[in-house]
Amino acid sequence: METEKARLLTGDTPTGKLHLGHWVGSLENRIAMQDEYECFFILANLHAFTTNYQHPDKIRQSVLDITLDYLAAGIDPKKSHIFIQSEVPAIAELTFLFSMLLAFSRIMRNPTIKDEIRDKQLGDTYSFGFPLYAVGQTADILAFRPSVVPVSEDQLAHLEMTREVARKFNQLYCHVDPHTQDEDYLKSGGLLPIVKARLGRIRRLVGLGTPNKDGRLLKMSKSLNNAIFLSDTAKIVEKKIMGMYTDPSRLRPTDKGHIDNNPLWIFHDTFTLDKEWLAGAKQRYQEGKIGDVECKKKLIASINQLLEPMHKRREIYEKFPKEIHRVLQQGTEKANAIANKTLMLVKKLMKQDYFI
């Protein structure tokens, strides 16, 4: 079951198809790291129930949609393991055990939890399962004892909680000295690694829409209807880019434009490979010598250049839906083997291995 490669764990909550924000935030990192690491990619369908428990059919479809997005983007099932969270029971048991190591007040101080409550306008109507998913994420990760977790910036708070759980577990049950450096916990007898984050090259990709009332550009999100999806056709990309928010003070193409806090140029910086054109175009835009339409057409070409090979792989997998299920089944079988071993070791250290 074991491999000489260091292990990597990351994934997504299936609440819809993946978009460009997912790509630059984490997905392109995952693909680039497949040869270096033993990769596990979790589809956290149980976490999706925290805000979509009324729509189990949508969660199920999202699991399949994201699997197809993964394969189309370039995740290779010969190198990596894609698995479904709910089909790995050890994760749920580890969630319960790890929940004892975190105070409820600590969970509610998690800035990502606070942001989600605000952005999704949950008020005080969220279920108990909503804050519990933050504990669940620690189990998602530590069940596989990875050394690295590629994440986007908004997941760093969850990763810090994971490190806290690992430190406390190792100190309490493995008797590791609390003064031990994070990188030395395993050498000092700990079981759970103090995982490291691998951030994407763009920490927070903005969406296509207008800023909020305080002028803050909102991140790309399906729920905010401001996203370009990895599955969008060339024509859909063109339509979305041509309608995107740019510089509201620029009423005519000859008006001087602003590139700061302008999604058009944030996207160009992120996706346009022709840096010589980019430098010149920015200068001309600020001087009023180039219009939004010309700049948008260049951006359309840049994004479609990125998505074209994904579309070709997608077409192949769409012809063989049984292959998608086979990939998930094989990945889940491998995930169960690793997570079950971790659970066995955790219970042994916690003196709860009665019949092992």
Would N262 and T246 count as having a side-chain donor-acceptor pair, cut-off 3.5 Å? no
Worksheet item: Do the non-hydrogen side-chain atoms of L306 and W23 ever get within less than 4.5 Å of each other?
Response: yes
- Under 4.5 Å between any side-chain heavy atoms of E164 and F169, yes or no? no
So does D274 pair up with K298, basic N to acidic O under 4.0 Å? yes
CZ of R167 to CG of L101, rounded to nearest 0.5 Å, is 13.0 Å
Salt bridge or not for R163 and E160, using N-O below 4.0 Å? yes
Contact between K289 and Q283 at the side-chain level, heavy atoms closer than 4.5 Å - yes or no? no
Strictly distance-based, threshold 3.5 Å: is any side-chain N or O of N170 a donor or acceptor partner for the main-chain N or O of V176? no
For this session: Considering only NZ, NE, NH1 and NH2 on the basic side and carboxylate oxygens on the acidic side, decide whether R326 and E323 come within less than 4.0 Å.
Result: yes
The reported gap from CD in E38 to OG in S147 (rounded to nearest 0.5 angstrom) is 10.0 Å
inquiry  = Would you say that R216 contacts P211 through its side chain, given a criterion of any heavy-atom pair below 4.5 Å between the two side chains?
reply    = no
Connected via hydrophobic side-chain network under 4.5 Å: V293 and F267: yes
query: Within the distance-only criterion (no hydrogens, no angle test), does the side chain of Q85 pair as donor or acceptor with the backbone N or O of L46 below 3.5 angstrom?
result: yes
Please evaluate residues V24 and F271 with respect to the criterion side-chain contact (heavy atoms from CB on, under 4.5 Å), reporting the C-alpha separation (whole Å), side-chain torsions for both, the decisive distance (0.1 Å), and the verdict. CA-CA 9 Å; V24 297; F271 299 107; 3.7 Å; yes
Is F96 reachable from L343 through a run of hydrophobic residues whose side-chain heavy atoms are each under 4.5 Å from the next? no
Donor-acceptor contact present, side-chain T95 to main-chain A139, <3.5 Å: no
Ring centroids only, cut at 6.0 angstrom: are Y133 and F130 within range, meaning strictly under it? yes
Tell me, do T162 and V149 make a side-chain contact under 4.5 Å, heavy atoms counted? no
Is the closest basic N to carboxylate O distance between D184 and K187 below 4.0 Å? yes
Notebook entry, point to check: Side chains of K168 and L102: closer than 4.5 Å at any heavy-atom pair?
Noted result: no
- Message: Strictly distance-based, threshold 3.5 Å: is any side-chain N or O of T138 a donor or acceptor partner for the main-chain N or O of V135?
- Response: yes
Note to self: Ring-plane angle category for F40 and F83, please: parallel below 30°, perpendicular beyond 60°, tilted otherwise.
What the structure shows: perpendicular
So with a 6.0 Å cut-off around CD of E287, is the heavy-atom count from everything else above 12? yes
Separation between CZ (R30) and CD (Q34), nearest 0.5 Å, reads 10.5 Å
Taking atom CG as the centre, does D214 end up with more than 12 heavy-atom neighbours from other residues, nucleotides or ligands that are less than 6.0 angstrom away?
yes
- Message: Regarding R201 and E28, does a basic nitrogen lie under 4.0 Å from an acidic carboxylate oxygen?
- Response: yes
CD1 of I228 to CE of M220, rounded to nearest 0.5 Å, is 5.5 Å
- Task: Could you check D140 against I91 for side-chain contact (heavy atoms from CB on, under 4.5 Å), going step by step and ending with a plain yes or no?
- Result: CA-CA 6 Å; D140 295 337; I91 293 175; 3.2 Å; yes
On a heavy-atom basis, the closest approach of D353 and K348 is OD2-CG, 3.4 Å
Next item on the list: Kindly work out whether a path of hydrophobic side-chain contacts (I/L/V/M/F/W/Y, heavy atoms less than 4.5 Å apart) joins L186 to L142.
Entry: no
**Under 3.5 Å: donor-acceptor pair, side chain of T50, backbone of H47** = yes
Checklist line | Any donor-acceptor pair under 3.5 Å from R313 side chain to A72 backbone | finding: yes
Of all heavy-atom pairs linking T15 and A48, the shortest is CG2-CB, 4.2 Å
TODO: Anything under 30° is parallel, anything over 60° is perpendicular, the rest tilted; go ahead and classify F104 against F128.
DONE: parallel
Subject >> Donor-acceptor pair, side chain of R7 and main chain of F144, under 3.5 angstrom >> reply: yes
Practice item. May I ask you to say whether R204 pairs ionically with E153, meaning some side-chain N is under 4.0 Å from a carboxylate O? Key: no
Handout entry: K275, NZ: over 12 other non-hydrogen atoms inside 6.0 angstrom
Key = yes
Using a strict threshold of under 4.0 Å (side-chain N to carboxylate O), is an ion pair present between E238 and K296?
no
- In terms of side-chain geometry, is the basic nitrogen of K347 or E93 positioned less than 4.0 Å from the acidic oxygen of its partner? yes
Rounded to the nearest 0.5 Å, the CE atom of M244 sits from the CG atom of L264 at a distance of 5.5 Å
*Measure from the side-chain N and O atoms of Q155 to the backbone N and O of V151, and report whether any donor-acceptor pair falls under 3.5 Å.*
no
Problem - Side-chain (H22) to main-chain (H19) donor-acceptor, under 3.5 angstrom - result: yes
**Prompt:** Just by modelled atom types, is the A134 backbone N or O under 3.5 Å from a matching donor or acceptor in the N110 side chain?
**Reply:** no
Any chance you could lay out the side-chain contact (heavy atoms from CB on, under 4.5 Å) test for M350 and L97, step after step, and finish with the verdict?
CA-CA 10 Å; M350 296 180 74; L97 294 173; 4.1 Å; yes
Practice problem: Look at atom NZ of K222 and say whether more than 12 heavy atoms of other residues, nucleotides or ligands are closer to it than 6.0 Å. | Solution: no
All heavy atoms of A73 vs all of I31, minimum pair found to be O-CD1, 3.1 Å
Less than 4.5 Å apart, side chain to side chain, heavy atoms only: is that true for I42 and T10? no
Can K239 and D232 be counted as an ion pair, charged N to O under 4.0 angstrom? no
Rounding to 0.5 Å, atoms CZ (F49) and CD1 (I59) come to a distance of 4.0 Å
- Should we say atom CD of E276 is surrounded by more than 12 heavy atoms from elsewhere, each under 6.0 Å from it? no
Dump the intermediate steps for side-chain hydrogen bond (donor to acceptor under 3.5 Å, both in side chains) on H179 and D177, then the final yes or no.
-> CA-CA 5 Å; H179 299 99; D177 189 317; 3.1 Å; yes
- Message: Less than 3.5 Å apart, any donor N or O on the side chain of D65 or Q61 sitting next to an acceptor on the other?
- Response: yes
Problem - Over 12 non-hydrogen atoms of neighbours within 6.0 angstrom of CG in D57 - result: yes
>> Are more than 12 heavy atoms, taken from residues, nucleotides or ligands other than R60, located less than 6.0 Å from that residue's CZ atom?
In response: no
Quiz item: Should F229 and Y317 be counted in the same cluster of Ile, Leu, Val, Met, Phe, Trp and Tyr side chains packed under 4.5 Å apart?
Solution: no
* Asked: Would R314 and D69 pass as an ion pair if we require N to O under 4.0 Å?
  -> yes
Q: Kindly determine whether L199 and L156 satisfy side-chain contact (heavy atoms from CB on, under 4.5 Å), including the steps that lead there.
A: CA-CA 9 Å; L199 285 172; L156 285 176; 4.0 Å; yes
Quick one: do the S221 and S223 side chains pair a donor with an acceptor below 3.5 Å?
yes
ask   = Going hydrophobic residue to hydrophobic residue with side-chain gaps under 4.5 angstrom, can you get from L328 over to V88?
value = no
Please walk me through it: do D292 and Y285 pass side-chain hydrogen bond (donor to acceptor under 3.5 Å, both in side chains)?
-> CA-CA 8 Å; D292 282 351; Y285 188 84; 2.8 Å; yes
